[in-house]
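All remarks here apply to the structure that follows.
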Amino acid sequence: MSDYAPTSQFDDVNLYGVGVDASDPSSDVYFKTSQNHPWGLLIPNEWQWPKERVDLVNAYPEFATYAESAGQQSQDWYLPENANTDKLYQVQE
């Protein structure tokens with residue numbers, strides 16, 4: 001979801017550049033880090049999210065390649081076979 005300009009509901013442009021955010025509205029760069037990692041994701045399948053305090057890249061190592069290639073490589077990064085299952089939240093039934 002990176003590089004989508006914010007909606008009119010986004011009322012605090014002072015949030016650009018906070019922390020590791022590399023947003024630069026003058027260049028149409030929004031909501032991602034300098035390494036191209038986005039702040040929001042649209043995942044087309046059900047998936048297992050990382051455990052609390054586990055970085056997405058540690059749970060799904062191929063995500064870094066996906067993000068840094070602007071989605072051109074490792075397009076299946078989110079599939080279970082590409083995850084470190086010990087880093088994923090397990091739903092209790």
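Heads up: numbering here begins at 1 and tracks the sequence.
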request  = Might you work through the side-chain contact (heavy atoms from CB on, under 4.5 Å) test for N82 and D76, ending with a clear yes or no?
outcome  = CA-CA 8 Å; N82 296 324; D76 59 353; 3.6 Å; yes
message = If hydrophobic clusters are built from ILVMFWY residues whose side chains come within less than 4.5 Å, do L88 and Y66 share one?
response = yes
key: Which atom of A67 lies closest to which atom of P38, heavy atoms considered   = CB-CD, 4.1 Å
task = Quick one: closest heavy-atom pair of A83 and Y60, and the distance?
result = CB-CE2, 3.4 Å
key: Any donor-acceptor N/O pair, N84 side chain to N58 backbone, under 3.5 Å   = yes
Is any side-chain heavy atom of [X] closer than 4.5 Å to a side-chain heavy atom of [Y]?
X: W77; Y: I43; value: yes
X: L41; Y: F63; value: yes
X: Y16; Y: P6; value: yes

key: Residue pairs fulfilling salt bridge (charged side-chain N to carboxylate O under 4.0 Å, His left out) with at least one residue in residues 27-37, sequence neighbours excluded   = D3-K32
Donor-acceptor contacts, no H, no angles, side chain residues 45-57, under 3.5 Å, sequence neighbours left out:
from: Q48; atom 1: NE2; to: Y89; atom 2: O; distance (Å): 3.3
from: Q48; atom 1: NE2; to: Q90; atom 2: OE1; distance (Å): 3.4
from: K51; atom 1: NZ; to: D86; atom 2: O; distance (Å): 2.9
from: D55; atom 1: OD1; to: V57; atom 2: N; distance (Å): 2.8

ask   = Hey, what do you get for CD (Q9) to OG1 (T7), rounding to the nearest 0.5 Å?
value = 5.5 Å
request  = Classify the angle between the aromatic ring planes of F31 and F10 as parallel (below 30°), tilted (30 to 60°) or perpendicular (above 60°).
outcome  = perpendicular
note = Those residues at least two apart in sequence (or on a different chain) that pass side chain to side chain contact (heavy atoms under 4.5 Å, CB included) with T33 are V20, Q35, H37, W39
